[in-house]
**Student:** 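This is the structure I have questions about; it appears just below.
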Amino acid sequence: MDEQPRLMHAHGVAMARHGHGHAGLAPHMPDGGSTGPDGDARKQDIGDILQQIMTITDQSLDEAQARKHALNCHRMKPALFNVLCEIKEKTVLSIRGAQEEEPPDPQLMRLDNMLLAEGVAGPEKGGGAAAAAAAAAATGGIGADNSAEHSDYRAKLSQIRQIYHTELEKYEQACNEFTTHVMNLLREQSRTRPISPKEIERMVNIIHRKFSSIQMQLKQSTCEAVMILRSRFLDARRKRRNFNKQATEILNEYFYSHLSNPYPSEEAKEELAKKCSITVSQGWGSIIIVIVSNWFGNKRIRYKKNIGKFQEEANMYAARTAVNATNVSAHGSQANSPSTPNSAGEYALVHSG
DNA sequence: CCTGATGATTAAAG
DNA sequence: CTTTAATCATCAGG
């Protein structure tokens, strides 16, 4: 794992051992190395080169390019590079020690899971749609008018989804762009100052972490948006919608034609549900069954509680079914008294007032 | 507003 | 589990 000197060219790493200060530069003097009386000149050179480094960012691009070239060709450059390498070698230990292993952020995982569950992330129209369908079926009813809210919810969810994905992609792209930019920069700079691949990697990590924290903000706000939408939708769910006329008729018809035993079997419920829920097609059966069960439960108890109040209704449906039966069976013989209100009398549930 | 109708929810009972 | 009975919350109409 110790490959960091690859970019450092291993120029005399331990030069300074020769003694005091910049004397270490001497062995690598480019031109012959006449360590003579011109120490001040060398100092000046170093000051010069440092100055150039410090001001390089202030220049315009062309100017900087030219200056960089000059810098690279400067006679003191290798020596300075070596010194920098050496200093680096001393400090890199501390850097290496501070290698943070980041555990997967639990909060991020939570957000990811939620987005996945809500159908914002992950494959198109997944589990989130199921929740939506459940609530939708509950709202509306067996009738035809629930699709509006449902599609509203779906539309808003997919809107959130779309925004989320475009933003995420944008961040991803920006991150990649920025990363390659920085890497190019660092590689370029590695000609002037020692930069190990490890450090580049570290820098990339830092960038990625930064961007992923931005992404986390995005995820968080997306989660919030979904939650708000969801809570609003659930509120809407609490708002009771009456069934439409047709559904009520179908249910009543069954109820009054089975007054003696108004307990539809699972199959019968399913059948009724299918008949009533014309628009709720998307395979959300069981919820609708529950709705049918609710209806029959309410109907039974309320009928029993006050038979008188329902008498008229009972007569009506009884008549209707009677008419239907006669129409189907034979040609209009009003044999079985068209209005047979007293069929209600045999209602099995009537035990107490 | 008020009120009855009605779908949903809940605890209790079978 | 299903059903009952009570209750809640909302709707629809006066």
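Chain naming here is simple, since letters A, B, ... match the order of the sequence lines and numbering starts at 1 in each.
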**Student:** Between A/Lys299 (NZ) and B/dA8 (C1'), how many Å, whole number?
**Tutor:** 16 Å

**Student:** With respect to the phosphate group of B/dG7, does any side-chain polar atom (N or O) of A/Arg241 fall under 4.0 Å of OP1 or OP2?
**Tutor:**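 No, because none of the side-chain N or O atoms of A/Arg241 sits under 4.0 Å from OP1 or OP2 of B/dG7.
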
**Student:** Please confirm whether the shortest side-chain N or O distance from A/Asn242 to OP1 or OP2 of B/dG7 is below 4.0 Å.
**Tutor:** no

**Student:** Measure from CD1 on A/Ile289 to C1' on C/dT3 and round the result to the nearest Å.
**Tutor:** 16 Å

**Student:** Looking only at side-chain atoms of A/Asn294, point me to the closest of C/dC11, C/dT4, B/dT9.
**Tutor:**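 Selected nucleotide: B/dT9.
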
**Student:** Just how far, in rounded Å, is P of B/dT9 from CH2 of A/Trp295?
**Tutor:**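 Those two atoms, CH2 and P, are 18 Å apart.
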
**Student:** Rounded to whole Å, how long is the line connecting atom CZ of A/Arg240 with atom P of B/dG4?
**Tutor:** 15 Å

**Student:** For A/Asn298 and C/dT3, what is the distance between atoms CG and P respectively, to the nearest whole Å?
**Tutor:**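 That distance rounds to 13 Å.
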
**Student:** Can a donor-acceptor pair be found between the side chains of A/Asn298 and A/Arg300 at a distance below 3.5 Å?
**Tutor:** no

**Student:** What is the distance from atom CE of A/Met114 to atom CG of A/Leu111, rounded to the nearest 0.5 Å?
**Tutor:**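 Answer for the CE-CG pair, A/Met114 versus A/Leu111, is 8.0 Å.
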
**Student:** C/dA5, OP1 or OP2 - any side-chain N/O from A/Lys304 closer than 4.0 Å?
**Tutor:**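 Yes, within the criterion.
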
**Student:** Just to confirm, is there a sub-4.0 Å distance from OP1 or OP2 of C/dA6 to any side-chain nitrogen or oxygen of A/Lys305?
**Tutor:**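 A/Lys305 to C/dA6 OP1/OP2: side-chain N or O found under 4.0 Å.
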
**Student:** Just N and O in the side chain of A/Lys269: are any of them under 4.0 Å from OP1 or OP2 of C/dT3?
**Tutor:**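 The answer is yes; a side-chain N or O of A/Lys269 sits under 4.0 Å from OP1 or OP2.
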
**Student:** Let me know the distance between CG of A/Leu251 and C1' of B/dA8, rounded to the nearest Å.
**Tutor:**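 Distance check: A/Leu251 CG to B/dA8 C1' gives 15 Å.
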
**Student:** Take the protein atom CD of A/Glu312 and the nucleotide atom P of B/dA5, then report the distance between them rounded to whole Å.
**Tutor:** 13 Å

**Student:** Which word best sums up how the rings of A/Phe255 and A/Trp295 line up, parallel for under 30°, tilted for 30 to 60°, or perpendicular for over 60°?
**Tutor:** perpendicular

**Student:** Charged N to carboxylate O under 4.0 angstrom, A/Glu201 versus A/Lys198?
**Tutor:** no

**Student:** State plainly whether the residues A/Glu199 and A/Arg202 are in salt-bridge range, i.e. N to O under 4.0 Å.
**Tutor:** no

**Student:** Specify the separation, in whole Å, of atom CZ of A/Arg300 and atom P of B/dA13.
**Tutor:** 19 Å

